[in-house]
Structure formats: C-alpha cells, structure tokens
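So the structure is just underneath, and the comments pick up after that.
Just the heavy atoms: all of them, side chains too, but no hydrogens, waters or symmetry mates, feed the values below. Atoms within each ligand, like the ligands themselves, are counted from 1 in listed order.
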Amino acid sequence: MQDLNFLLYAAPGHQTCALAWQKQLSDLNVHTQIEWVDEINARFLRFHPELGLIVDEHGLWLAANGMKMQPAWQAEIPRLKRASPKNELIARACQVNKVETILDATAGLGHDGLLLAWLGAKVTLLERHPVLFALLLSALEQAKQDPLLSDVAQRIELLHVDAEHYLDLADIASDQYDVIYLDPMFPARDANQKQEKKQAQVKKQMQLLHTLLPVDGVMDLGENLLKQARLKCSRVIVKRPKHAVFLADQVPQHQWQGDACRFDGYFQI
Ligand SMILES: C[S@@+](CC[C@H](N)C(=O)[O-])C[C@H]1O[C@@H](n2cnc3c(N)ncnc32)[C@H](O)[C@@H]1O
C-alpha cells in the first residue's frame with residue numbers, strides 16, 4: 001500500500017499523545033503533520049471537511065465531511081449487555097457458545113469482533129488498512145482501561161496484515177481457528193445486488209469508512225478471501241447485505257437471515 005499523508009489535529013493537553021501517535025502512524029507508513037488546535041468542536045470540523053486525524057482524550061479519530069469517527073466500542077456496551085449466543089445472528093452463525101477461537105479477517109471498526117469476544121471467543125482481528133488499524137489500536141487501548149471492557153479486550157488480538165497474506169502463511173495451521181469470519185467491503189450502492197431495493201441510509205461511520213477506502217482507487221470486495229479461508233477452516237461465515245449476491249459466487253450451505261444483513265455459512269463436508 002502506498003504511503004499516506006494526513007493532517008493530525010491535536011487538542012490542548014494532548015501533545016505527548018499526539019507525538020506518540022505520529023510515531024506509531026509513521027511506522028505504519030502514514031505520515032502526519034501535527035496542527036495544534038485550541039478547540040476541536042463541531043464548528044472546527046465543519047470548517048475542516050477534508051480527511052484528517054484527531055487526537056483528544058478519547059484517543060485517535062478519523063475526521064471528514066464535518067464528522068469525526070472512531071470504533072465506537074464503548075457505545076456498543078448497551079448492545080453487548082443485551083447480546084446472547086442465541087439472540088445475535090452472528091453468534092449463532094459462528095456458534096460462539098461452542099467454539100474457542102475466531103479469526104475476524106476483515107476487522108474494520110471491530111464491532112463484530114468485539115461482540116464475538118464479549119460472548120466468550122478468543123478473537124484475532126486482521127486489518128490491512130493502516131489508518132483503520134491505528135483506530136482499532138486506539139479502541140483496544142481505551143477498552144483495556146474500561147472496567148466493562150477490560151476482560152474482553154484481553155481476548156482480542158489485533159494484527160496489521162493483509163488477510164490474503166496471513167491465510168497464505170504456511171504456519172497458520174488448518175485447525176488454528178474454529179471459525180473464520182469475513183465481512184469484506186461492499187460498495188455503498190452495489191451494482192451486484194440482485195434486487196433493486198431502496199438501501200437503508202448507510203450509517204455515518206460506514207460513510208466515513210467509505211471515504212477512507214479504497215486507498216488505491218479500486219475497492220477490493222474480498223472475492224479471494226473466501227477460497228483461502230475455506231482451505232484453512234471448516235467453518236467460514238460471511239456477512240453480506242441482505243440482498244447481495246454470494247461472495248465469489250459461492251453458494252453457502254446455510255444462511256442466517258437478518259433484517260438488513262445475512263450470514264452465509266460455508267462448512268467442510
Ligand atoms: C466492512 S468492513 C468490516 C466491518 C466490521 N465487520 C465491523 O464490525 O466493523 C471491511 C474491513 O475489512 C478490511 N479488509 C478488507 N479486505 C481485507 C484483507 N484482505 N485483509 C485485511 N483487512 C481487509 C477493510 O480494510 C475494512 O476495514
């Protein structure tokens with residue numbers, strides 16, 4: 001992936017943090033120029049609509065189009081508290097009450113991985129985009145300090161790697177993970193959709209994610225990942241928008257249907 005350049009806005013009192021993030025981002029080939037800002041509020045964001053990064057007391061944020069966003073792990077707590085292996089489709093699809101280890105090969109904001117870890121699984125998150133990875137790192141650090149999330153955070157491992165390379169590694173044994181979970185990018189409005197349904201408004205966070213991705217101008221829809229995952233795991237679960245075509249045109253053995261999305265299951269027979 002090419003080197004990226006960002007402005008890094010730092011709020012007062014966060015100089016040390018901003019410098020630490022600048023170093024961490026530079027190690028990920030994300031080059032930043034720090035701008036010290038008196039107050040980062042809604043007005044500031046409106047007047048700085050270009051893509052940028054922010055450091056404040058809540059860690060690292062991505063900003064664009066007058067909004068800022070970070071993996072909302074703390075905001076997920078009410079949902080996590082209601083979640084059970086039975087009432088969450090993703091948990092049923094991943095059999096979270098029966099398995100130990102899950103590889104979430106397309107981490108994104110980490111919300112799905114966090115839920116699976118909350119329900120007891122040891123989850124490895126893979127994210128290849130350096131900025132997304134840094135945002136996840138920040139979310140994981142914050143979670144470790146949160147009394148409600150600290151135990152869950154201990155069950156989450158985060159790796160900055162392309163899942164295609166990772167799954168290719170010879171030392172990733174075929175029984176290393178009980179489940180491989182895939183939620184690859186999906187175009188905001190997808191020409192592949194079988195049914196021309198009016199799409200629900202993509203969540204604001206997802207809109208920002210789409211601003212960040214793709215970096216190279218071409219959105220990778222994860223077609224190769226399914227084949228590789230199936231070679232390494234006997235249970236692969238793919239999240240898809242409800243009416244989307246199958247990933248890589250592969251027909252799943254089972255489907256779990258939700259209101260907005262579905263989970264396609266691929267099992268070794
Ligand atoms: C739709 S988002 C996943 C959202 C996630 N399930 C959540 O709960 O937030 C897809 C993410 O997968 C990442 N991704 C796609 N292909 C990847 C690959 N080959 N290796 C690692 N990450 C990948 C993208 O960078 C993006 O952040």
Side-chain angles (χ1 to χ4, degrees), residues 1-2 4 28-30 62 69-76 79-80 83 88-91 93-94 96 102-119 121 123-140 143 152 156-169 172 177 179-190 199 202-232 236-242 244 247-248 258 260-264:
M1 186 175 279
Q2 78 226 36
L4 300 173
L28 295 163
N29 292 329
V30 180
L62 177 69
M69 172 278 265
Q70 63 180 178
W73 288 15
Q74 261 120 347
E76 288 285 296
R79 178 189 174 197
L80 296 175
E88 285 285 348
L89 269 194
I90 183 177
C94 293
V96 78
I102 300 180
L103 178 70
D104 178 348
T106 53
L109 299 173
H111 294 164
D112 291 335
L114 176 68
L115 175 64
L116 294 168
W118 174 275
L119 292 173
V123 177
T124 300
L125 295 177
L126 307 185
E127 177 51 57
R128 69 173 168 198
H129 195 293
V131 172
L132 254 307
F133 174 77
L135 292 171
L136 284 168
L137 212 52
S138 174
L140 189 57
V152 185
I156 297 178
E157 178 188 31
L158 177 58
L159 302 176
H160 178 228
V161 66
D162 188 318
E164 287 194 27
H165 298 161
Y166 186 79
L167 289 169
D168 249 359
L169 295 174
I172 302 298
Y177 298 102
V179 180
I180 296 183
Y181 176 74
L182 303 176
D183 177 14
M185 287 308 287
F186 208 77
R189 185 167 183 80
D190 180 33
Q199 284 205 327
V202 188
K203 277 186 181 173
K204 277 190 173 181
Q205 286 181 333
M206 277 298 158
Q207 286 175 350
L208 257 188
L209 205 66
H210 278 269
T211 317
L212 192 63
L213 303 164
V215 175
D216 305 322
V218 184
M219 191 177 274
D220 171 3
L221 302 178
E223 301 275 318
N224 297 331
L225 279 178
L226 181 55
K227 189 173 162 213
Q228 285 177 297
R230 292 185 78 180
L231 290 174
K232 287 283 165 103
V236 179
I237 302 298
V238 180
K239 184 179 186 180
R240 304 296 278 166
K242 190 173 182 181
L247 183 58
C261 71
R262 60 165 211 266
F263 297 92
D264 294 348

Checking the N or O distance criterion of under 3.5 Å, is ligand 1 in contact with [X]?
X      : result
Tyr181 : no
His129 : no
Pro184 : no
Gly113 : no
Asp183 : yes
Asp112 : yes

Which bit of Pro71 gets closer than 4.0 Å to ligand 1, counting heavy atoms only: side chain, backbone, both or neither?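 Pro71 to ligand 1: no contact under 4.0 Å from either part.
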For ligand 1, is any non-hydrogen atom under 4.0 Å from Val161's backbone (N, CA, C, O), its side chain (CB onward), both, or neither?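 It is the backbone that gets close, since no side chain atom is under 4.0 Å.
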At less than 4.0 angstrom from any non-hydrogen atom of [X], what atoms of ligand 1 do you find?
X      : value
Glu127 : 11 (C), 12 (O), 13 (C), 22 (N), 24 (C), 25 (O), 26 (C), 27 (O)
His111 : 7 (C), 8 (O), 9 (O)
Asp162 : 18 (C), 19 (N), 20 (N)
Leu132 : 27 (O)
Ala105 : 20 (N), 21 (C), 22 (N)
Leu109 : 7 (C), 9 (O)

Any side-chain heavy-atom pair from [X] and [Y] closer than 4.5 angstrom?
X      : Y      : value
His129 : Glu127 : yes
Ile172 : Tyr166 : yes
Val238 : Asp183 : no

Looking at Asp264 and Arg240, is any side-chain nitrogen of the basic one under 4.0 Å from a carboxylate oxygen of the acidic one?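 A salt bridge is absent here (no side-chain N lies under 4.0 Å from a carboxylate O).
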Would you call Glu88-Arg79 a salt bridge at under 4.0 Å N-O?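 Yes.
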CG-NE2 distance between Leu125 and His160, expressed to the nearest 0.5 angstrom: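 It comes to 13.0 Å.
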Which distance, rounded to the nearest 0.5 Å, do you find between the CG of Leu116 and the CD1 of Ile156?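 If we round to the nearest 0.5 Å, Leu116:CG and Ile156:CD1 are 9.5 Å apart.
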For atom 7 (C) of ligand 1, state which one of Gly222, Ala107, Gly108 supplies the nearest heavy atom.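 The option holding the nearest heavy atom is Ala107.
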Does the residue Gly110 have a heavy-atom contact with ligand 1, meaning some pair of atoms that are separated by less than 4.0 Å?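 It does; at least one heavy atom falls under 4.0 Å.
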With sequence neighbours excluded, residues passing side-chain hydrogen bond (donor to acceptor under 3.5 Å, both in side chains) with Ser138: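 For Ser138 there are no side-chain hydrogen bond (donor to acceptor under 3.5 Å, both in side chains) partners, ignoring immediate neighbours.
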May I ask you to decide if Leu109's main-chain N or O and Trp73's side chain share a donor-acceptor pair within less than 3.5 Å?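 Yes, because the side chain of Trp73 sits within donor-acceptor range (under 3.5 Å) of the backbone of Leu109.
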Would Thr124 and Ile102 count as a side chain to side chain contact (heavy atoms under 4.5 Å, CB included) if you check the C-alpha gap in whole Å, the side-chain angles of each, and the deciding distance to 0.1 Å? CA-CA 6 Å; Thr124 300; Ile102 300 180; over 6 Å; no
